[in-house]
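I have placed the structure first, in the form of structure tokens, so that the comments after it can refer back to it.
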Amino acid sequence: GGGGATGGAYPRALAALATLGLGRRRHETPREYLGRTGRAVPDVVPPLRTLTHGHDDERYGGRVVAPDLRAAADAAAAAVIAEVRRRRDG
């Protein structure tokens, strides 16, 4: 879903990466996906790690992520999307 402090940032980043053929597989955990994607596109590791940790904390850790992390999540998603566009558009 798009709830929580990270809003829709994580799904937006994943959707962008899917346009490079790097969609998250059904059986992959978010951290496994981070590893596979990072090997293919190393420049997205720092922002995708930020998004993955926030996503994990919210979804699996039962934690409420501080609302000020929304800006960090949005910036991380923007960085992933910018790298995807750079690679896709040459």
Side-chain angles (χ1 to χ4, degrees):
T6 57
Y10 184 70
R12 282 195 313 271
L14 267 59
L17 287 162
T19 68
L20 295 178
L22 292 168
R24 187 170 150 208
R25 298 172 182 155
R26 284 184 172 285
H27 67 276
E28 280 182 311
T29 67
R31 290 181 190 229
E32 289 169 339
Y33 176 71
L34 171 63
R36 180 172 63 88
T37 303
R39 287 187 296 277
V41 187
D43 290 340
V44 302
V45 170
L48 189 57
R49 182 181 297 125
T50 296
L51 291 166
T52 299
H53 289 192
H55 172 78
D56 282 357
D57 285 350
E58 287 179 343
R59 180 143 188 206
Y60 304 113
R63 295 186 197 104
V64 176
V65 177
D68 62 328
L69 293 180
R70 183 180 294 275
D74 284 340
V80 170
I81 292 165
E83 179 60 22
V84 166
R85 285 183 179 148
R86 187 182 74 74
R87 287 176 175 263
R88 198 179 54 218
D89 299 342

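Computed over heavy atoms, backbone and side chain alike; hydrogens, waters and symmetry mates excluded.
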Mark yes or no for whether Thr19, through its side chain, and Ala15, through its backbone, hold a donor-acceptor pair below 3.5 Å.
no
Measuring from Arg49:CZ to Arg31:CZ, what's the distance to the nearest 0.5 Å?
9.5 Å
Please determine whether residues Ile81 and Val44 belong to a single hydrophobic cluster, defined as Ile, Leu, Val, Met, Phe, Trp and Tyr linked transitively by side-chain heavy-atom distances below 4.5 Å.
no
Thr37 side chain near Arg24 side chain, heavy-atom distance below 4.5 Å
no
Heavy-atom pair with the smallest gap, counting every atom of Leu51 and Ala73
CD2-O, 3.4 Å
Does a side-chain N-to-carboxylate-O contact under 4.0 Å join Arg36 and Glu32?
no
Is atom CZ of Arg87 surrounded by more than 12 heavy atoms (other residues, nucleotides or ligands) closer than 6.0 Å?
yes
Would you call Leu48 and Val41 a side-chain contact if the rule is heavy atoms closer than 4.5 Å?
no
Exercise: identify the closest heavy-atom pair between Pro30 and Tyr10
CB-OH, 3.5 Å
Joint cluster assignment, Leu20 & Val45, ILVMFWY side-chain distance < 4.5 Å:
no
Kindly compute the distance separating NE2 (His55) from CG (Leu14), expressed to the nearest 0.5 Å.
8.0 Å
Shared hydrophobic cluster for Leu22 and Val80 (ILVMFWY, side-chain gaps under 4.5 Å):
yes
Closest contact, heavy atoms only, Val84 versus Ala16:
CG1-O, 3.3 Å
Kindly give the heavy-atom pair with the smallest separation between Ala77 and Arg12, and that separation in Å.
CB-NH2, 4.1 Å
